[in-house]
Amino acid sequence: MLRIKIPFLLLLNFGLFSLTFKEAKEIALSKNRELTISELEVKKAELVMRESWASFYPTVNFQSSYTRLLSVPQFEMETPFGKQYISLGYPDNFKNSLQITFPVFTFGKRLIAKEIGERSKEIQDFQYQADKISLLKDLVTVYYGVVVAKEGVKIAEEALERAKAHLNTARIQYSVGRITKLDLLSAETEYNKQKTELLNAKNGLTQAHSALNIMLGFPLDSVVEIEDKMEVEIDSFNLDSLTILALNKRPEIQSIKKLTELSNLSQSLQYLSFLPNVIFSGNFSYDKPHGFINEWDNDITATIAITLPIFEGFSRTNNIKKYRLSVEQAKIKKELVEEGIKMEIKNLFLTYRLHKENLKLAEEQLKRAKEAYQMAETQYKIGYISTLEYKDIELGYRSAEFARLNALYNLIVSKEQVKIATMMN
């Protein structure tokens with residue numbers, strides 16, 4: 001089918017917008033507000049990473065000042081020509097300085113600080129990927145919740161039509177004396193009950209749409225048509241293959257690996273902090289007065305300095321121990337995360353397998369219930385069964401319809417969640 005891309009807001013305004021699940025995933029990944037927050041965290045981590053690169057560039061500072069002396073100090077001196085007064089300064093004082101500082105050699109500290117920034121950014125990237133997985137797991141339940149709600153409305157409409165037809169039949173049978181007034185009142189009550197059930201189904205559909213709009217980042221009252229039907233292709237998943245795939249691709253495991261690297265780098269940085277830094281500093285000044293002369297002049301100085309932190313209250317030693325413990329923690333976390341993912345995949349696999357069997361049973365039950373209802377409908381019209389018997393069979397048929405719909409929904413959701421959890425798509 002040809003799909004023409006039209007701006008989303010225009011489609012919404014005219015009530016023409018429709019979605020497949022694939023399109024819903026794309027929209028959710030770009031517009032979901034919670035995921036946008038996670039994406040902004042990645043951008044913040046990237047800025048922190050770039051901040052760690054600052055030590056590879058010189059630091060340049062400029063300072064300018066003007067000072068007005070309302071009273072210039074003087075001292076008196078006796079000379080052969082009499083008393084002379086000599087000023088110890090000038091009323092107007094201008095100072096301008098430009099300073100450049102650059103760490104010439106740091107024994108690798110700058111490189112490690114840069115790598116720490118990069119690892120931190122990568123960890124946030126993996127967290128963003130994990131948030132995407134979590135979002136898609138929720139989306140599949142909400143999206144197909146709309147689909148199942150639509151199907152529920154159809155079932156409720158069909159049940160209402162059956163109740164109406166039953167009421168018409170009951171009125172005819174009552175008019176010819178085949179059923180009692182109580183049976184007729186019972187048919188009328190069932191018809192009104194089905195009206196209420198239809199209203200409830202439509203209200204549930206509206207609520208499901210609202211939940212989907214929130215996940216997609218749409219206005220709450222947007223009306224979006226869902227294209228997918230309650231259909232599923234049965235897959236033969238293999239538990240071992242699914243587990244291996246998840247362990248190789250899940251971002252949580254990659255994040256733990258980067259966390260271990262980060263702790264090792266932080267520990268190395270603490271060791272290197274015992275070594276000196278070689279720093280260059282250059283200063284250019286342009287002042288008035290300069291020296292003892294009230295004129296503009298300049299000075300240029302260059303300094304090479306070595307700084308060696310000798311003692312900092314055992315803080316570096318304690319930090320080294322702290323990062324060693326962080327490495328041990330990361331190892332344990334990796335084992336826990338791997339076990340958690342294995343358990344998650346196993347549960348999803350078993351749930352999918354269970355729902356496959358449930359769907360088969362539900363379809364068989366629906367087939368029998370439909371056949372029983374068709375027989376009951378014919379027999380009721382000719383007066384072979386009572387209204388109560390007919391209602392029981394009709395209720396069983398409607399329950400079988402909902403049971404099959406629920407089983408199909410569970411199977412579709414569990415299949416998609418298996419694919420999302422193993423990052424198949």
Side-chain angles (χ1 to χ4, degrees), residues 19-25 28 132-159 197-198 200-216 224-243 245-246 250 340-370 395-425:
L19 280 178
T20 63
F21 180 60
K22 181 179 179 181
E23 292 168 337
K25 289 193 293 184
K132 287 171 63 175
I133 292 174
S134 178
L135 170 65
L136 293 177
K137 284 182 180 178
D138 293 337
L139 177 64
V140 68
T141 61
V142 174
Y143 179 89
Y144 283 102
V146 175
V147 180
V148 78
K150 285 178 60 180
E151 295 295 325
V153 170
K154 291 180 181 179
I155 292 175
E157 290 173 341
E158 292 171 357
E197 292 293 332
L198 179 58
N200 291 335
K202 289 181 177 180
N203 184 63
L205 178 59
T206 301
Q207 292 176 343
H209 270 295
S210 297
L212 180 61
N213 288 335
I214 291 174
M215 293 206 70
L216 298 180
V224 181
E225 184 65 27
I226 299 300
E227 292 190 4
D228 290 80
K229 306 298 182 182
M230 292 299 289
E231 300 172 352
V232 62
E233 294 182 5
I234 304 299
D235 284 330
S236 298
F237 293 128
N238 178 272
L239 179 57
D240 292 335
S241 298
L242 292 174
T243 303
L245 185 61
R250 285 288 287 267
I341 290 176
K342 289 178 183 178
M343 180 62 70
E344 176 190 359
I345 300 303
K346 183 177 181 179
N347 288 341
L348 289 173
F349 172 78
L350 294 176
T351 300
Y352 175 73
R353 191 170 64 180
L354 173 64
H355 290 323
K356 282 200 301 184
E357 297 302 318
N358 286 342
L359 179 61
K360 291 178 182 179
L361 294 174
E363 288 178 337
E364 292 174 2
Q365 180 63 25
L366 177 60
K367 182 179 178 181
R368 290 193 293 268
K370 184 176 182 180
L395 178 61
Y397 176 44
R398 188 168 70 251
S399 297
E401 286 184 302
F402 279 111
R404 188 260 179 188
L405 179 63
N406 186 60
L408 183 56
Y409 167 77
N410 288 334
L411 182 60
I412 292 173
V413 170
S414 63
K415 175 185 174 181
E416 289 296 330
Q417 288 188 337
V418 167
K419 294 167 68 176
I420 292 168
T422 55
M423 302 184 70
M424 286 185 181
N425 50 11

Query raised in the report: Got Leu242 and Val418 here, is their nearest side-chain heavy-atom distance under 4.5 Å?
Result: yes
Query raised in the report: Can you check whether Asn410's main-chain N or O pairs, donor with acceptor, with Tyr144's side chain at less than 3.5 Å?
Result: no
**Report entry** Reported CG-to-CD1 distance for the pair Leu135 and Ile420, which is rounded to 0.5 angstrom
**Finding:** 9.0 Å
**Report entry** Tyr352 vs Ile234 side-chain heavy atoms within contact, under 4.5 Å
**Finding:** yes
**Report entry** Minimum-distance pair of heavy atoms, taken over all atoms of Gly396 and Ala369
**Finding:** O-CB, 4.1 Å
Query raised in the report: Between Lys370 (side chain) and Ala400 (backbone), is there a donor-acceptor pair under 3.5 Å?
Result: no
Query raised in the report: Are Lys415 and Glu233 side-chain neighbours, meaning at least one heavy-atom pair lies under 4.5 Å?
Result: yes
Report task. Can you see which heavy atom on Glu344 is nearest to which on Ala421, and at what distance? Result -> OE2-CB, 3.8 Å
Report task. Measure the spacing between NZ of Lys137 and OG1 of Thr141 and express it to the nearest 0.5 Å. Result -> 11.5 Å
Query raised in the report: Which pair of heavy atoms, one from Ala407 and one from Leu359, lies closest together, and at what distance?
Result: CB-CA, 3.9 Å
Report task. Taking the side chain as every heavy atom from C-beta outward, state whether Glu401 and Glu158 have any atom pair closer than 4.5 Å. Result -> yes
Query - Between CG on residue Asn238 and CG on residue Leu245, distance to nearest 0.5 Å - result: 11.0 Å
Report task. Could you please spell out the steps behind the side chain to side chain contact (heavy atoms under 4.5 Å, CB included) verdict for Leu411 and Asn358? Result -> CA-CA 9 Å; Leu411 182 60; Asn358 286 342; over 6 Å; no
Query raised in the report: Can you tell which of Thr351, Asp138, Leu348 makes a side-chain contact (heavy atoms from CB on, under 4.5 Å) with Gln417?
Result: Leu348
Requested in this report: Taking the side chain as every heavy atom from C-beta outward, state whether Lys346 and Leu239 have any pair of such atoms under 4.5 Å apart.
Outcome: yes
Query raised in the report: Just wondering, do Leu139 and Leu216 contact through their side chains at under 4.5 Å, heavy atoms?
Result: yes
Requested in this report: Identify the two heavy atoms, one from Ile341 and one from Ala246, that lie closest to each other, and give their separation to 0.1 Å.
Outcome: CG2-CB, 3.9 Å
Query raised in the report: Roughly how far, to the nearest 0.5 Å, is CD1 of Ile412 from NE2 of His355?
Result: 11.5 Å
Report task. Report yes if some heavy atom in the side chain of Leu212 is under 4.5 Å from a heavy atom in the side chain of Ile226; otherwise report no. Result -> yes
Report task. Determine, stepwise, if the pair Phe349 / Phe237 fulfils ring-ring contact (aromatic ring centres under 6.0 Å, His included). Result -> CA-CA 8 Å; Phe349 172 78; Phe237 293 128; 7.5 Å; no
Query raised in the report: Taking atom CE of Met215 and atom NZ of Lys25, what is their separation to the nearest 0.5 Å?
Result: 13.0 Å
Report task. Start with the C-alpha gap between Asn406 and Val148, add the side-chain angles, then the distance that decides, and say whether side chain to side chain contact (heavy atoms under 4.5 Å, CB included) holds. Result -> CA-CA 8 Å; Asn406 186 60; Val148 78; over 6 Å; no
Query raised in the report: Do the non-hydrogen side-chain atoms of Lys154 and Glu151 ever get within less than 4.5 Å of each other?
Result: yes
Requested in this report: Mind listing the closest non-hydrogen atom pair of Val153 and Leu198 along with its distance?
Outcome: O-CD1, 3.8 Å
Query raised in the report: Is it true that a side-chain atom of Tyr143 and a backbone atom of Phe21 form a donor plus acceptor pair closer than 3.5 Å?
Result: yes
Report summary line: So CD of Glu225 and CG of Leu19: to nearest 0.5 Å the spacing works out to 9.5 Å
